[in-house]
Amino acid sequence: DCMAGFKRSIIINKAIEEVFDFATNLDNASKFLPGVTKIEMLPEGGMKPGAKFKETRKGRSAVIEVVEHKRPEVHAASASMMGMHATYWFRFHADPAGTRVEMEADVQGNFIWWLFLGVMSRMMEKEDGEYLERLKAAMQPTQHAKTTSS
């Protein structure tokens with residue numbers, strides 16, 4: 001299997017529990033995921049490992065599975081489509097300025113995908129790389145968000 005992906009981090013001037021709860025509440029998703037037209041929890045009872053939800057963006061939908069949910073430190077979810085598997089890790093750290101959120105995308109694919117992984121990973125980074133800026137803007141509407149790329 002081949003792997004690709006990207007990392008981002010940002011500081012949000014809010015308490016860690018508040019940031020975690022806001023970021024993992026599906027009702028808030030439309031505020032920081034502009035491409036997503038619909039998110040629905042599949043009936044499994046709440047945000048916990050093994051829970052699944054269906055995300056629709058621009059006409060294509062994916063079933064996303066929560067792989068880890070440990071308030072307020074870690075939230076991770078993964079999606080598979082057409083032989084490719086992507087996991088997004090979100091780690092929350094208390095910081096003097098509020099909360100540091102780290103996002104890491106981990107993309108894996110089977111043999112057929114290895115040619116496309118770099119392209120897919122760049123496409124995902126373009127689509128989801130602004131995620132943290134938008135999360136921050138949704139939680140701190142008055143301040144202009146800046147991130148560091150690693």
Side-chain angles (χ1 to χ4, degrees), residues 3-95 97-109 116-117 119-150:
M3 285 176 62
F6 59 91
K7 260 184 171 159
R8 286 279 195 281
S9 77
I10 200 166
I11 302 274
I12 296 176
N13 308 108
K14 303 268 182 194
I16 185 168
E17 290 83 5
E18 194 183 338
V19 176
F20 183 90
D21 292 345
F22 187 92
T24 59
N25 181 344
L26 295 183
D27 294 339
N28 291 327
S30 61
K31 295 174 188 161
F32 51 84
L33 290 171
V36 172
T37 48
K38 192 171 157 194
I39 287 195
E40 48 195 325
M41 201 87 195
L42 300 175
E44 247 136 61
M47 193 63 90
K48 60 180 191 287
K52 293 184 171 75
F53 52 95
K54 187 175 166 186
E55 182 186 279
T56 306
R57 46 168 106 185
K58 303 183 189 93
R60 41 175 223 274
S61 67
V63 172
I64 294 168
E65 181 172 346
V66 178
V67 284
E68 188 157 346
H69 188 79
K70 204 168 90 206
R71 182 181 190 266
E73 291 115 37
V74 187
H75 177 76
S78 67
S80 296
M81 51 184 190
M82 304 176 299
M84 192 191 78
H85 187 74
T87 305
Y88 282 78
W89 289 89
F90 294 91
R91 296 181 180 87
F92 301 81
H93 306 273
D95 184 274
T99 303
R100 188 170 89 254
V101 187
E102 286 171 3
M103 169 172 109
E104 190 174 347
D106 180 2
V107 192
Q108 297 179 32
F116 303 104
L117 268 175
V119 176
M120 277 303 295
S121 157
R122 281 192 296 278
M123 203 173 95
M124 286 166 62
E125 182 163 13
K126 195 167 174 282
E127 210 165 88
D128 296 332
E130 303 289 304
Y131 183 95
L132 295 179
E133 281 92 340
R134 291 193 293 252
L135 174 63
K136 178 170 178 146
M139 292 197 75
Q140 296 176 216
T142 51
Q143 284 151 301
H144 193 66
K146 275 266 179 284
T147 56
T148 56
S149 222
S150 62

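For the numbers below, each heavy atom of this structure counts, side chains included, while hydrogens, waters and symmetry mates do not.
Nearest heavy atoms, M139 versus F22: CG-CD2, 3.5 Å. Nearest heavy atoms, Y88 versus A105: CE2-CB, 3.8 Å. In terms of heavy atoms, K136 sits closest to N13 at NZ-OD1, 4.3 Å. Closest of all the heavy-atom pairs between A97 and I11 is CB-CG2, 3.7 Å. Heavy atoms only, all atoms of each residue included: A51 and G46 are closest at CB-O, 3.2 Å.
For E17, there are no salt bridge (Lys or Arg N to Asp or Glu O under 4.0 Å) partners two or more places apart in sequence or in a different chain. E130 meets the salt bridge (Lys or Arg N to Asp or Glu O under 4.0 Å) test with no other residue; sequence neighbours excluded. Partners of A29 under the side-chain contact (heavy atoms from CB on, under 4.5 Å) rule, at least two apart in sequence or in another chain, are L33, I39. With sequence neighbours left out, the salt bridge (Lys or Arg N to Asp or Glu O under 4.0 Å) criterion links D95 to no other residue. Residues that satisfy the side-chain hydrogen bond (donor to acceptor under 3.5 Å, both in side chains) test with Y131, not counting sequence neighbours, are absent from this structure. Residues that satisfy the side-chain contact (heavy atoms from CB on, under 4.5 Å) test with S61, not counting sequence neighbours, are K54, T56. Take N28 and apply the side-chain hydrogen bond (donor to acceptor under 3.5 Å, both in side chains) test, not counting sequence neighbours, and it matches K31. Residues passing the salt bridge (Lys or Arg N to Asp or Glu O under 4.0 Å) test with E102 are R100, sequence neighbours excluded. Residues passing the side-chain hydrogen bond (donor to acceptor under 3.5 Å, both in side chains) test with E55, sequence neighbours excluded: R57. Taking the side-chain hydrogen bond (donor to acceptor under 3.5 Å, both in side chains) definition, one finds that E73 meets it with nothing, sequence neighbours left out.
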Please assess E68 against W89 for the test side-chain contact (heavy atoms from CB on, under 4.5 Å), listing each intermediate value before the final yes or no.
-> CA-CA 9 Å; E68 188 157 346; W89 289 89; 3.5 Å; yes
Decide side-chain contact (heavy atoms from CB on, under 4.5 Å) for V19 and F92; before the verdict, give the C-alpha distance in whole Å, the side-chain angles of both, and the deciding distance to 0.1 Å.
-> CA-CA 8 Å; V19 176; F92 301 81; 3.9 Å; yes
Please lay out, stage by stage, how F90 and V74 fare under the test side-chain contact (heavy atoms from CB on, under 4.5 Å).
-> CA-CA 6 Å; F90 294 91; V74 187; over 6 Å; no
Passes side-chain contact (heavy atoms from CB on, under 4.5 Å), I12 versus L135? Steps please.
-> CA-CA 9 Å; I12 296 176; L135 174 63; 3.9 Å; yes
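Using a 4.5 Å heavy-atom threshold, the side chains of D21 and R71 count as touching. Residues V101 and M103 form no side-chain contact, since every pair of their non-hydrogen atoms from C-beta on lies 4.5 Å or further apart. Between M47 and V66 the shortest side-chain heavy-atom distance falls below 4.5 Å.
The line from OG1 of T99 to NE2 of H93 is 10.5 Å long, rounded to the nearest 0.5 Å. Between the CG atom in N25 and the CZ atom in F20 there is a gap of 11.0 Å [rounded to 0.5 Å]. One distance of note links CG of L132 with CZ of R134; it measures 9.5 Å at 0.5 Å rounding.
Aromatic ring pairs are classed by plane angle as parallel below 30°, tilted from 30° to 60° and perpendicular above 60°; the pair H69 and H75 is perpendicular.
Pairs of residues two or more places apart, or lying in two chains, that qualify as side-chain hydrogen bond (donor to acceptor under 3.5 Å, both in side chains) and include a residue from residues 78-87 are S80-H85. Counting only residues at least two apart or on different chains, the salt bridge (charged side-chain N to carboxylate O under 4.0 Å, His left out) pairs with a member in residues 83-92 are R91-E104.
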